[in-house]
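In what follows, a single structure is set out as structure tokens and then discussed.
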Amino acid sequence: MNPAELDQLCVNTIRMLSIDAVQQANSGHPGLPLGAAPVGYILYTRILRHNPTDPKWFNRDRFVLSAGHGSMLLYALLHLTGYDLPLSELQNFRQWGSMTPGHPEHGLAPGVEATTGPLGQGFGNGVGMAAAEAHLAARYNRPGHTVVDHYTYAIVSDGDLMEGVSHEAASLAGTWKLGKLIYLYDDNRITLAGSTHITFTEDVGKRFEAYGWHVQRIEDGNDLAAIERAIRVAQAETERPSLIRVNSIIGYGSPNKQNTFEVHGSPLGPDEVKRTKEFFGWPVEPPFYTPGAALEHFRAAIERGQAQQAEWQARWEAYARAYPELAAELQQALRGELPNGWDADAPTFSLADKPIATRVASGQVLNAIAPRIPGLIGGSADLNPSTNTALKGMGDFLPSDMPLDGAQGLVGGGANYAGRNIAFGVREHAMAGIANGLALHGGLLPFVATFLQFSDYMRPAIRLAALTEQHVIYVFTHDSVLLGEDGPTHQPVEHYAALRAIPNLLFIRPGDPAETAVAWKVAVEHTRGPVALALTRQAVPMLDRSRLAAAEGLRRGGYVLLDSAGRPDIILIGAGSELHLVVGAADELAQQGIQARVVSLPCWELFDAQPEEYRDSVLLPMVRRRLAVEIGVAQGWHKYVTEHGAVLSLDRFGASAPYKVIAEKLGFTVEHVVKRALQVLA
């Protein structure tokens, strides 16, 4: 068998494994694997630096299948090249408990770098991975010692490029000149419901050139030499990210379905599988047939990858000898460990301090801990002055040749890839998707910031961070209608409930600066998923911790902030900026001879995870008269107040006015809390 014949045998092996798995599951997307198999083959056998026996080797190239519906392409490649993904898992495609779900999920099959499927998300993730590589290379590489040096690749589809998040992320990638980012566009001109001629007629190449990308086109998606040649050209382009348009045929080889939308997301059917195999000269039976020559050729990736890793390991050891402190710092970050004493400089707040907004307190905490956490990196959607998230003196993440002056918002420390402040511009969705990529890459702890109301623009990426347990911190300021004059377009109301509804996301709404400091500590320490901090624009009082419980109680999600002298008549529950109203109401009720316990409940998820014994010690089961106070929708609070309690909530949109007027008009005052408490007790 000559080399060209072996190449074709291998490409067809990918195709046949894919259609067999989809057919056996009677569910899936055969069109992309049939059309894009040549691209996958070239990537995994000639381009990628990867070691199938060590999928987490740090300096590996990253590959993201942004077109996640074509997951069988990726699973076939991982199985064939020797990852720990046996054939039985391909045969279990889309079945309960398998490592091969319908769309790739990070953490199941080894070698899956990102959870994709919602179109455009993988595009943003890849930009984040490339940005992480650029940042860590600038931070840690030294002359003669290059230990961070890899590419990020992706296969993207028409659908990916239609989604708005890809536009946002592509614009940033071009601005950042991420030359090690190479995307292969499976340009098959067919979507799930029809031809792109009715939905997507723009000149994609010119659009990406306008973004600052290097663009190439391959006319024949089956031309293996052309695919490899284009990727090599893209690798040599160091100043611009690359888009390679591959003119492919969706469902290639399926005689009756290729180049039609029917082949996008439905099994071929037994008869068409037979015809397709006959087209390729493939045995119709048995299914999942894998030629020995093809498997041997694919498995050469193991020896090649081990050699690549060994060569890098020698470089790493030389680097560690020359720069032991830098090497130790990077290793610790890659392990996801925090330095000893990382929070030693975190500010404390007391009654002696004047009232400040929790966003201001957050900024003070962030800037105190950042110098001790080298991997902490992030920014906002053009809102640093409002979100208080600029890391002072730590530079801007930008190409070093970017022309800047003092009027353009430098935070100090210069502009280069080593900068730890990321200016995302007004691109909330891309910001969140890129943050996921930064986290998935490893070695970094990303935070991103905007107003809470604009979390709506980020929700798909937040959901994926929660699904994949990525450590991303969201700083959401202007957290209620009390932001004031900007009015209801900017005032969150339903957003607390919407974010609390996402499984595995910690949503923390601290009630004063002291709780804010503890909330940041929880956010940094919590590694099993993302954390959202909801912070005020308006100043809030410092709670008198000499008579109230310590803010450390926030670590358990909820705690008794102020207890009554005897058995309480009512339990008052508060969160966020309404917490001080609840404390004030308890004091007034006490003057009327009514005993009230005050519970601070800033994080439902942490509280619900506590043992029942603890939860009952806070929300006493025998005390059924309860009142929860939060200036947002009531949804969810009823599980804490019981059928005998009530929720003082805001189930309407806000208004444009000074925040104190809004609070008065909408009934969020101490006097109104007392009135509602008395109604509950009546």
Side-chain angles (χ1 to χ4, degrees), residues 1 5-45 52-53 55 65 67-105 108-112 155 250-258 263-302:
M1 186 179 300
E5 291 172 335
L6 180 59
D7 286 341
Q8 194 58 55
L9 182 71
C10 291
V11 171
N12 292 341
T13 301
I14 298 167
R15 288 169 165 149
M16 298 305 102
L17 286 176
S18 297
I19 65 172
D20 279 342
V22 171
Q23 189 59 44
Q24 179 151 307
N26 197 28
S27 174
H29 299 72
L32 185 143
L34 284 170
V39 170
Y41 171 68
I42 291 297
L43 279 171
Y44 271 78
T45 62
T53 60
L65 182 65
H69 54 275
S71 58
M72 264 312 306
L73 171 68
L74 178 57
Y75 298 147
L77 287 164
L78 294 173
H79 164 70
L80 290 167
T81 53
Y83 286 80
D84 187 14
L85 188 67
L87 185 63
S88 59
E89 291 294 339
L90 275 61
Q91 294 166 333
N92 259 342
F93 179 54
R94 289 186 164 224
Q95 303 309 301
W96 180 268
S98 78
M99 298 165 65
T100 50
H103 294 83
E105 293 184 30
L108 287 182
V112 175
I155 291 178
I250 191 170
Y252 178 73
S254 171
N256 296 312
K257 294 190 176 183
Q258 74 172 24
V263 80
H264 170 90
S266 299
L268 296 180
D271 291 342
E272 192 66 10
V273 167
K274 179 176 181 293
R275 294 187 189 100
T276 304
K277 289 184 176 181
E278 289 172 346
F279 173 86
F280 288 111
W282 205 261
V284 174
E285 296 291 343
F288 299 97
Y289 169 67
T290 306
L295 187 60
E296 181 181 0
H297 183 65
F298 274 113
R299 292 290 163 90
I302 294 175

Under 4.5 Å between any side-chain heavy atoms of [X] and [Y], yes or no?
X      : Y      : result
Leu80  : Thr290 : yes
Leu85  : Thr100 : yes
Thr276 : Trp282 : no
Ser18  : Val22  : no
Thr13  : Leu295 : no
Met16  : Pro287 : no
Val263 : Gln258 : no
Pro110 : Met99  : yes

Once you round to the nearest 0.5 Å, how far does [atom1] of [X] lie from [atom2] of [Y]?
X     : Y      : atom1 : atom2 : result
Leu34 : Tyr252 : CG    : OH    : 10.5 Å
Gln23 : Lys274 : CD    : NZ    : 14.0 Å
Gln8  : Tyr41  : CD    : OH    : 9.5 Å
Leu74 : Ile155 : CG    : CD1   : 8.5 Å

Provide the closest heavy-atom pair for [X] versus [Y] in the form atom of the first, atom of the second, distance.
X      : Y      : value
Pro104 : Leu65  : CG-CD2, 4.4 Å
Leu9   : Ala293 : CD2-CB, 4.2 Å
Ser254 : Glu272 : OG-OE2, 2.8 Å
Ala301 : Pro52  : O-CD, 3.6 Å

Can you list everything that forms a side chain to side chain donor-acceptor pair (under 3.5 Å) with Lys277? Sequence neighbours excluded, please.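 Partners of Lys277 under the side chain to side chain donor-acceptor pair (under 3.5 Å) test: Asp20.
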
- Query: With no hydrogens and no angle check, is any side-chain donor or acceptor of Lys257 less than 3.5 Å from a backbone partner on Leu268?
  - Reply: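 Yes, because the side chain of Lys257 sits within donor-acceptor range (under 3.5 Å) of the backbone of Leu268.
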
Worksheet item: Can you tell me if Ser98 uses its side chain to pair, donor with acceptor, with the backbone of Gln95 under 3.5 Å?
Response: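 Looks like yes, one N/O pair under 3.5 Å.
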
Derivation of the salt bridge (Lys or Arg N to Asp or Glu O under 4.0 Å) call for Glu278 and Arg275 | CA-CA 5 Å; Glu278 289 172 346; Arg275 294 187 189 100; over 6 Å; no

Pair Leu32, Ile250 - check side chain to side chain contact (heavy atoms under 4.5 Å, CB included), show working.
CA-CA 6 Å; Leu32 185 143; Ile250 191 170; 5.8 Å; no

Notebook entry, point to check: Given the rule in the side chain to side chain contact (heavy atoms under 4.5 Å, CB included) test, do Leu87 and Leu17 qualify, once you have shown the distances and angles that lead to the verdict?
Noted result: CA-CA 9 Å; Leu87 185 63; Leu17 286 176; 4.1 Å; yes

> Restricting to pairs with a member in residues 73-101, which pass ring pair (Phe, Tyr, Trp, His ring centres under 6.0 Å), not counting sequence neighbours?
Replying inline: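 Only His50-Tyr83 qualify under ring pair (Phe, Tyr, Trp, His ring centres under 6.0 Å).
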
Across all chains, not counting sequence neighbours, the ring-ring contact (aromatic ring centres under 6.0 Å, His included) partners of His297 are none

Can you list the residues that meet the ring-ring contact (aromatic ring centres under 6.0 Å, His included) rule with Phe288, with sequence neighbours excluded?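 So Phe288 forms no ring-ring contact (aromatic ring centres under 6.0 Å, His included) with any residue.
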
Using the six-membered ring wherever Trp is involved, compare the ring planes of His69 and His264 and label them parallel, tilted or perpendicular (cut-offs 30° and 60°).
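Answer is tilted, since the angle falls between 30° and 60°.
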
_With salt bridge (charged side-chain N to carboxylate O under 4.0 Å, His left out) as the rule and sequence neighbours excluded, what pairs involving residues 290-300 come up?_
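Found none.
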
* Mind checking side chain to side chain contact (heavy atoms under 4.5 Å, CB included) for Ala300 and listing every partner two or more places apart, or none if nothing turns up? =>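 In terms of side chain to side chain contact (heavy atoms under 4.5 Å, CB included), with neighbours along the sequence ignored, Ala300 is linked to Arg304.
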
